Amino acid sequence: MPTHPSPWSYGVRPDDLPPTGPDRLLVWLARRQWRTLVAGACFGIPWMLSVALVPAAVGRAVDDGIVARDGRALVLWSLAVVGLGLVSAAAGNGRHLFAVRNWLTAAFRAGSVADLAVRRAGPALTRRMPAGEVLASFTSDFGRMGHSFDVFARFMGAVVSFVVVAVILLRGSVLLGLVMLVGGPLLVASLAFVMKPLQRRQTAQREEAGRLTALGADTVSGLRVLRGIGGEDTFLDRYRAQSQTVRRAGVRVAGTQATLDAAQVLLPGIFVLVVTGVGAHLAVDGRISAGQLVAYYGYTAFLTIPLQTAVEMADKLITTRVAARRISRILAVEPDHPSGPASAATVPAGPLVDPASGVVVEPGRLTALVAARPEDTAGVAARLGRTVAGRHGVTWGATALDDLPVADVRRLVLVSQPDPRLFSGPLREALGGRDDHARRTALEVADAADALAAVEEGLDGELQERGRSLSGGQRQRLALARALLRDPEVLVLVEPTSAVDAHTEARIAGRLAAHRAGRTTVVVTASPLLLDRADVVHLVEDGVVVATGTHRQLSRECPAYRSVVVRGEED
């Protein structure tokens, strides 16, 4: 069986999830890859510094070589320019390597964090957040999480080179140095007037895009129903209206983004003009040499690089914070039950009791739950499997189910819902199980031979997403086989045969009772074929048990039971 990379391959553990909040998440990510961030800076600083020093070397070549007519000095400083170019090329390769590595590491680590948070939150997540918003985070936010980490090495080089050039200018002219040290930060700080609106508009645009994704997913999943009731036009109108909302939000983002992009050219350009004008004035007055004037012109050309890099860093930081805010919302969702490590505790001895309904599930027996309203018995099944939030007082022998680690409950009790969710991939992996013999046995019990034959290449074949190439009955029987392969101590099946015909249901009923003989099994159903195989049947009305016995006893003695079962049989 092929192996898959661990979600903790980037150093993320279930007990080490980051704190919520976009800034705290970014700091958490940075702390876990500080070595590669520092390594990138160690390459980024000499890369940009070597470019910054080229004008100084050219200026010295002009003064010491050309003006002084010293050929040896001219050659020496020319070789210095070549050396700086070689340093820039070598350091640039290393900087790019670590920039890509930092970007990918941050993106994939953020993905691992979100994956763990989703699995920890469970069904509580989709009650707090739309599924489309979660999907949008997985499809777009992770790549954006790495943008700031990508630019970090260049940004550090820009800061250091900016300071070095300012010091050089201070030594040659206090006025030029002060213009550099004061004007540069002021220009970058002025971008705050653009960045804050951009961040708000990007956040709004992402939220609208998440709603559009959710609407599209709902439409696709319910397409068959929509066609059956003729509702395609209604949903098409809703999708079109939401698309226009996303478009308008995108246009608002584009306008602000265009302003920021223009500022990356305009503001450094204004700054260069100021430095050039001051330098030319000093040269005319004879306060700087010809070589220094040439160097100053070189500095002004170079200054566009660190200033544009600073503006880009601010832009990427905004994008990253917007993505981090969405991921933080996933991290903030608390699960219905506090998680903890699975223990090696033995299986509790005694019956499984739900005091809210009065249902008692004796160990080793097949118990059936019947109700006129499916939500009554579904609620009992959810409490027995501890799949709903809160404490409900369910006991297993002398042990409170709420006090067991949730990992133990998931290992010991399995609740199989009536709407099976099948995932794409090899059928063998979708079913699980120890070996092919166990898989074929479970498929036989579930009478799923036709479902196996419907998948090209059988167990080696690829199951399409949600098993959409199969019928509803085939999907339901594959889900039943998957549940049987888990072989839990307590198996709770909710309407496991609602989508199959009577002959198939009869075969499943007989095989299921024989296969689970001596094991604790709960079946939520109104099917007489399954009820007749149960050791004990509970009739539930308004969430409370009103009659208990075998199927035949209740059929003879309980009119309410007969009305439910006969109706189920007619359905």
Side-chain angles (χ1 to χ4, degrees), residues 18-34 36-38 40-41 44-45 48 95-96 98-111 113-114 136-137 140-163 184-207 209 250 252-268 304-331:
T20 57
D23 295 328
R24 298 172 71 183
L25 174 59
L26 290 175
V27 171
W28 185 89
L29 290 172
R31 289 176 59 187
R32 274 151 182 78
Q33 61 186 87
W34 67 269
T36 54
L37 287 172
V38 171
I45 291 172
M48 194 167 287
R95 177 206 59 78
H96 183 70
F98 280 100
V100 174
R101 182 174 179 179
N102 285 324
W103 170 44
L104 293 177
T105 300
F108 282 105
R109 184 172 278 131
V113 164
S137 290
S140 62
D141 288 335
F142 300 148
R144 295 183 174 94
M145 285 297 296
H147 286 173
S148 296
F149 296 87
D150 174 23
V151 184
F152 179 77
R154 286 187 287 127
F155 177 70
M156 293 304 298
V159 171
V160 173
S161 61
F162 185 87
V163 173
L186 285 178
L187 287 177
V188 175
S190 67
L191 295 175
F193 295 104
V194 180
M195 293 176 187
K196 290 183 178 179
L198 177 61
Q199 184 172 344
R200 289 195 301 269
R201 294 182 179 185
Q202 283 185 343
T203 301
Q205 193 264 344
R206 293 305 241 344
E207 290 176 353
R252 287 193 294 270
V253 170
T256 310
Q257 183 69 54
T259 303
L260 183 61
D261 293 341
Q264 294 185 40
V265 179
L266 177 63
L267 296 182
T304 59
I305 300 175
L307 289 175
Q308 285 181 348
T309 302
V311 175
E312 181 185 2
M313 181 66 180
D315 182 23
K316 299 301 184 184
L317 190 59
I318 291 174
T319 303
T320 302
R321 290 188 77 253
V322 171
R325 182 176 290 109
R326 290 167 62 109
I327 295 175
S328 293
R329 290 187 61 190
I330 298 176
L331 292 171

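Just so we're clear, the structure is a prediction, and the values are computed from it rather than from any experiment.
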If you compare all heavy atoms of R31 against all heavy atoms of W34, which two are closest, and at what distance to 0.1 Å? O-CD1, 3.0 Å
Could you state the interatomic distance from CZ (R144) to CH2 (W103), rounded to the nearest 0.5 Å? 11.5 Å
Sorted by chain and number, sequence neighbours left out, ring-ring contact (aromatic ring centres under 6.0 Å, His included) with F98 holds for F43
Which atoms form the tightest heavy-atom contact between R95 and G44, and what is the distance? CG-CA, 3.9 Å
A106 and F149: which non-hydrogen atoms are nearest, and at how many Å? CB-CD1, 3.5 Å
Tell me the closest heavy-atom pair linking P22 and S328, and the distance in Å. N-OG, 3.5 Å
Taken to the nearest 0.5 Å, the spacing of M313 CE from D150 CG works out to 10.0 Å
May I ask you to test the L331-L25 pair for a side-chain heavy-atom distance under 4.5 Å? yes
Mind checking the OG1-CZ spacing from T309 to F152? Nearest 0.5 Å is all I need. 13.5 Å
Please examine the side chains of V160 and M48, heavy atoms only from C-beta on, and report whether any two atoms are closer than 4.5 Å. no
Taking atom CG of D23 and atom OG1 of T320, what is their separation to the nearest 0.5 Å? 11.0 Å
Inter-residue atom distance R154.CZ - S161.OG, 0.5 Å rounding: 12.0 Å
List the steps, then state whether side chain to side chain contact (heavy atoms under 4.5 Å, CB included) holds for L29 with M145. CA-CA 10 Å; L29 290 172; M145 285 297 296; 3.4 Å; yes
Between I330 and A114, which heavy-atom pair has the shortest distance, and what is it? CG2-O, 4.4 Å
How many angstroms lie between OG in S148 and CG in L37, if you round to the nearest 0.5 Å? 10.5 Å
